[in-house]
Amino acid sequence: MSPRRSNSRSRRFPTFDLSKMLKASAPVAVSLFASLWLAGCDTPANQEDHKVQAQVADAQNALARGDDAGLAAATKMLEQAAANADATPLTRSYAKSSLGQIEQDTASQTMRQIDQDDASLHQLIWEISQLAQQVDQSRAVAASYDKYDPKPAQDALAAKIAAAQGGPNDLVWFKQDNSSAPSLAAVTQTISQLQSQLAKQSDDLKALKDQRTQVLDEADQADKSSEISKGQQSVDDFKRAADLRKQAGDLTVQIEKNQAQTIPIQKDLEVAQGQQVVLQELIKEFQDQGKSLDAGWKSVQDAVASQAVLQKQIVAGGPETAPAPAPAAAAPAGTPDAGAPAAGVPAATSILPPTAGQSINDKADALGKLIEQISHERSDALANLNNAIQHYRDAATAGQEYFAILDPKIKDPANAQRPEIDAWKNLQAVANPAVYRMQEALARRQLAELYLSQVDNDDRLTQLQDEVGKILGAVNIPIPSALADAGLDQDKKSAADSAAAAYKDADDEIDSLTHSAAPDPLPKLARVQHVLILLGELQLALATGDSSTAHDKLTQAITERDDALRDGLQLPPLPSEILPPPPPAPTPAPAT
């Protein structure tokens, strides 16, 4: 199965998790509101606020257990808290946002499982493609066996061994279409570089964790001081604790970013190490094949007759065991790659263990079951994300209500010197509906990514159908029913339309935050999110073959990237298509 596009479009770009940045400050602010400004006011709303806060705290404790029962219990408690219409708007917005976050976190967990299942799906697609290539190679072998003689085959093997081994100036094993396979020399060099990168990531991660621990310790000390202090000193200590916890949240974001950056490096290292093993085995296989060429020459004519049997065994299996395939192209799961057969013997395999039986039919059955499983998981994630979006909307509505209550008090000159003015401002920032609109925008972008992954899978499956149908049709073998889905094109179009709509909705929210008076750092984060949305739309355009839109989105993304960098904004790791150019080399000093 020859690759038609780079796999870069299937990468999932990082998400800025506002909930984690505000996790420390929001509960503290709600608690402050209840304890300082409503203390002594035994109103029904005050009582309901305490009830909601207790339910949220219980939900957090249940969620901390880390199991399905805890998640179910936490969700139920948050649903009860969010449904309390008698609580104050600030408390309702906090409960709604917490419920939205747990729905979004659940969706994120499901999407991680989908990512794993997608990797297995891509592996199965690649394995089926490789088996189909074996059938096609067998057909070609049967048609051309009588033209073989040992000398040309020996020369070809020698060339393959030299190409696979490579050298300092020969790092590519072979090229096909827009892809290439590395030589053993290139893989060895890559392994060394990736190991160095992992070591640096590990050192950076330890330093960030140590720094976060120190900041949290200082925040705890400030909290304790605030509890025993009075007046302005207590307020100052509280603000300092909140600032420290925000700093700890920022460090957590950096830690998660470091960990997210480490995962692809580790995966790349595993792939490179697997490629190294495959290449070493491949070279040995070629050498062994060269030794057996002369001995097997007399059996060539018998092998011609055996090819038809072999083709059926590859497709349907059977009591007779097909010849064990020799390693061909070293390709990661999900990356189609065609390798040359070993001296007339159909041979192709993955660098990973087979994910199903040895025949095309077995793998096609497994593929069908996996597609159904992913479909159920995607439906669950879609439901969670849509629920989260609605909860964030409700939180924004309640936040706007509370925002409108506090705003006149804060702007009233008569309240300028009141001791609670700073707390009012903090509470207004927490209740600002822009915070929840940003969370809604992030959930909508996740929704778009979920649909985009379906587009990618449908596209791969369509390519597989075309390839396997053509190859098996040439040898008069019917295509397996699991590979004969006639609705893939329509499913892909529907998913692409849904992804485009979700990206647009997310971008509309982001655009409103970029051009509004939202509190820091939301406008900056909104600009970064706009870049990531453009990248998602770029990947969608590539997946649907819309080259004009892809060009426009790439141009916009590069422009937005440059504007963000010029304004000093921190961007997440970007794909190679829009990486900023390296700084110019310094001009050498004139010779004296």
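Please read these numbers as outputs of a predicted model, since none were measured by experiment.
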| message | Checking side-chain polar atoms at under 3.5 Å, does His530 have a donor or acceptor matched by the opposite partner on Asp507? | response | yes
| Do side-chain atoms of Asn387 reach the backbone of Ala383 as a donor and acceptor pair under 3.5 angstrom? | yes
| Heavy-atom check, side chain of Leu279 versus side chain of Ser183, under 4.5 Å | no
| request: For the pair Tyr451 (side chain) and Ser494 (backbone), establish whether a donor and an acceptor sit closer than 3.5 Å, ignoring hydrogens and angles. | output: no
| said: Test side chain to side chain contact (heavy atoms under 4.5 Å, CB included) on Ser120 and Leu370; report intermediate values, then the result. | reply: CA-CA 8 Å; Ser120 298; Leu370 188 55; 3.8 Å; yes
| task | May I ask you to check whether Gln311 and Ser138 show a side-chain donor-acceptor distance below 3.5 Å? | result | yes
| message | Keeping Ser192 on the side-chain end and Gln189 on the backbone end, is there a donor-acceptor pair under 3.5 Å? | response | no
| Rounded to the nearest 0.5 Å, how far does NE2 of His391 lie from CG of Asn386? | 10.5 Å
| Ser375 side chain vs Ile371 backbone, donor-acceptor pair below 3.5 Å | no
| query | With distance as the sole test, does Thr462 use its side chain to make a donor-acceptor pair with the main-chain N or O of Asp458 at under 3.5 Å? | reply | yes
| said: Under a 3.5 Å threshold, yes or no: a donor from one side chain and an acceptor from the other, between Asp105 and Gln101? | reply: yes
| Taking only residues two or more places apart in sequence, or in another chain, which ones meet Ser548 in a side chain to side chain contact (heavy atoms under 4.5 Å, CB included)? | Asp546, Asp552
| If every non-hydrogen atom of Ala496 is compared with every non-hydrogen atom of Leu540, which pair is closest and at what distance? | O-CD2, 3.8 Å
| field | Any side-chain donor near an acceptor of the partner, Glu285 and Gln289, under 3.5 Å | value | yes
| message | Looking at Asn258, is its backbone amide N or carbonyl O close enough to the side chain of Thr262 to form a donor-acceptor pair, meaning the two atoms are under 3.5 Å apart? | response | yes
| request: Could you tell me whether Gln109 atom CD has more than 12 heavy atoms of other residues or ligands within 6.0 Å of it? | output: no
| task | Go through the side-chain N and O atoms of Gln313 and Ser359 and say whether any donor and acceptor fall under 3.5 Å apart. | result | no
| query | With sequence neighbours left out, what residues match Asp67 under side chain to side chain contact (heavy atoms under 4.5 Å, CB included)? | reply | Arg65, Ala69
| Would you find a donor on one side and an acceptor on the other, under 3.5 Å apart, between the side chain of Lys492 and the backbone of Ala543? | yes
| Do you see a donor-acceptor pair shorter than 3.5 Å between the side chains of Gln104 and Asn384? | no
| request: Spell out, as yes or no, whether a donor-acceptor pair under 3.5 Å connects the side chain of Gln465 to the backbone of Asp485. | output: yes
